[in-house]
There are 2 protein chains.
Amino acid sequence: MRDDFDLSDFLPYALNRAAERTGRDFEKIYKGRYGLLRTEWRVLFHLGRHGAMSARDICALAGLHKTKVSRAVAALEARRYLTRAQDQIDRRVELLSLTRAGRAVFADLEGEARRYDRTLLAALSEGEVETLRRCLAQLAG
Amino acid sequence: MRDDFDLSDFLPYALNRAAERTGRDFEKIYKGRYGLLRTEWRVLFHLGRHGAMSARDICALAGLHKTKVSRAVAALEARRYLTRAQDQIDRRVELLSLTRAGRAVFADLEGEARRYDRTLLAALSEGEVETLRRCLAQLAG
DNA sequence: CCATATTGGTTGAAAATGTAACTAACAAGG
DNA sequence: CCTTGTTAGTTACATTTTCAACCAATATGG
């Protein structure tokens, strides 16, 4: 057994460092430009990408706790980036959809995300990227 | 340009998912066993691994903000896992060292960390692991 | 139907984090 | 010395996150 086990060799730590670094970099964009929080940006993205859906669906898709989604939805609604519509069949459910303004923000941020992603990937080779994605998917469970 | 850009294709998001998943898994161990917080575990680890050092050194080594370290040190001290000694040359500096109890906790958790790391790596091939580590180091900046 | 359980979603309080201002000690230049 | 600047570390306050309790609607089983 290796006896030089350092924290940077510990996968959860290494993952966290990389996630934190890249996450904070990109946060500057959505936070600086629209004052969005991380969870808010994620909810916005899912709605923009997949169209109207319920908070429950977002939870499942994004792996977010319902309280976080609930508050993010309230914040996005207050900014008029989304609207709620009661589902007629199951009145517990609220169908969330982006407003025109919300879609504009999504379009802008999606572009930025792609751009930022490309700058990150530029530092890696094609093969590395493929392996990295596979590993991350595997580790995310 | 790909037009099917989903959040899971976005590297910061994928990294975050993997980091969160593995981090929370391992958190169960140090939290459940010793009631430690993430930052506390990291500080403990660095002291255990590298011996007595100042809070400043830990900040640099672990990439943690000084307020987080300050609070973690206070918590670890309250649990009698570490002690402070004033540096005689520069009295601003406090030399932190683990107590016997602290070292015991470190020894236990270091073993768990290695074990957990191995279970994570078991799902990946040797080559994948090497590439993964290289990518993460690169992305962590 | 009626009682009970489950589900979608919200809320309040407690815990954790981030930010900035602060203290105390050292350092450097006049 | 003495002003000014910097560094180690703490503290106070605002913002976020987490956790548990909660409400209302639906599903289930007698």
> Do the side chains of Asp117(A) and Arg133(A) get close enough for a salt bridge, i.e. N-O under 4.0 angstrom?
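Between Arg133(A) and Asp117(A) there is a salt bridge, with a charged N closer than 4.0 Å to a carboxylate O.
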> Base, sugar-phosphate, or nothing: which does Ile58(A) touch, judged by heavy atoms less than 4.0 Å apart?
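If one applies the 4.0 Å heavy-atom cut-off, Ile58(A) turns out to touch nothing in the nucleic acid.
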> Charged N to carboxylate O below 4.0 Å: is that the case for Arg33(B) and Glu112(B)?
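Between Glu112(B) and Arg33(B) there is a salt bridge, with a charged N closer than 4.0 Å to a carboxylate O.
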> So does Asp87(A) pair up with Arg91(A), basic N to acidic O under 4.0 Å?
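Result for this pair is no, no salt bridge flagged.
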> When all nucleic acid strands are considered with a 4.0 Å heavy-atom cut-off, which category describes Arg38(A): base, sugar-phosphate, or nothing?
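Result for Arg38(A) = nothing.
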> With hydrogens left out and only the distance checked, is there a donor-acceptor pair under 3.5 Å joining Arg71(A)'s side chain and the base of dT18(D)?
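Indeed there is one.
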> Can you tell me if the side-chain N/O atoms of Lys68(A) get under 4.0 Å from OP1 or OP2 in dT18(D)?
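For dT18(D), OP1/OP2 do have a side-chain N/O of Lys68(A) under 4.0 Å.
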> For this output row, return yes or no: ring centroids of Phe45(B) and Phe10(A) closer than 6.0 angstrom.
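Between Phe10(A) and Phe45(B), which both carry aromatic rings, the centre distance is not below 6.0 Å.
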> Using whole Å, what does the distance between atom P of nucleotide dG9(C) and atom CG of Asp90(A) come to?
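Between P of dG9(C) and CG of Asp90(A): 9 Å.
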> Calculate the interatomic distance between Leu76(B) atom CG and dG9(D) atom C1'; express it in whole Å.
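Nearest whole value for this atom pair: 16 Å.
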> Looking for any heavy atom pair under 4.0 Å, which part of the strands does His65(A) touch: base, sugar-phosphate only, or nothing?
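If one applies the 4.0 Å heavy-atom cut-off, His65(A) turns out to touch nothing in the nucleic acid.
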> Using a 4.0 Å heavy-atom cut-off across all strands, classify Ile89(A) as base, sugar-phosphate, or nothing.
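Sugar-phosphate contact only.
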> If you find the nucleotide of DNA chain D closest to Val73(B) and the one closest to Lys31(B), which residue's nucleotide is nearer the 5' end?
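Here Val73(B) is the residue nearer the 5' end.
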> Decide, yes or no, whether a salt bridge links Glu20(B) with Arg17(B) under the criterion of side-chain N to carboxylate O below 4.0 Å.
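Here Glu20(B) does not pair with Arg17(B) in a salt bridge, since their nearest N and O are not under 4.0 Å apart.
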> Can you measure Glu94(A) atom CD to dC23(D) atom P for me and round it to whole angstrom units?
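So the CD-P distance, Glu94(A) to dC23(D), works out to 18 Å.
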> When you check the phosphate oxygens OP1 and OP2 of dT10(C), does a side-chain N or O of Arg84(A) lie under 4.0 Å from one of them?
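Yes, within the criterion.
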> Checking contacts here: which listed nucleotide (dG9(D), dT11(D), dG9(C)) is nearest the side-chain heavy atoms of Thr67(B)?
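For Thr67(B), the side-chain atoms sit closest to dT11(D).
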> Any side-chain N or O of Arg56(A) less than 4.0 Å from the OP1 or OP2 oxygen of dT10(C)?
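Arg56(A) to dT10(C) OP1/OP2: no side-chain N or O under 4.0 Å.
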> Going by atom types alone, do Ser54(A) and Asp57(A) pair a side-chain donor with an acceptor below 3.5 Å?
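Short answer, yes.
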> Go through the N and O atoms of the side chain of Arg92(B) and the base of dT7(D), and report whether any donor-acceptor pair is under 3.5 Å.
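Answer is yes: a donor-acceptor pair is held.
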> Given atom CD of Glu20(A) and atom P of dT16(D), what is their separation to the nearest angstrom?
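Glu20(A) atom CD is separated from dT16(D) atom P by 16 Å.
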> If you compare every side-chain N and O of Ser70(A) against the phosphate oxygens of dG9(C) (OP1, OP2), does one of them come in below 4.0 Å?
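For dG9(C), neither OP1 nor OP2 has a side-chain N or O of Ser70(A) closer than 4.0 Å.
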> How close or far is atom C1' of dA12(D) from atom NZ of Lys66(B), stated in whole angstroms?
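For the pair Lys66(B) NZ and dA12(D) C1', the rounded distance is 15 Å.
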> Check whether any side-chain nitrogen or oxygen of Arg91(B) sits under 4.0 Å from OP1 or OP2 of dC26(C), and answer yes or no.
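Affirmative; the distance criterion is met.
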> Grab the CD-P distance between Gln88(A) and dT26(D) for me, whole Å please.
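Rounding to the nearest Å, CD of Gln88(A) and P of dT26(D) are 10 Å apart.
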> Rounded off to whole Å, could you give me the CG-to-C1' distance for the Leu96(B) and dT10(D) pair?
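Leu96(B) atom CG is separated from dT10(D) atom C1' by 14 Å.
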> Could you tell me the separation between the NZ atom of Lys28(B) and the P atom of dT18(D), rounded to a whole number of Å?
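So the NZ-P distance, Lys28(B) to dT18(D), works out to 14 Å.
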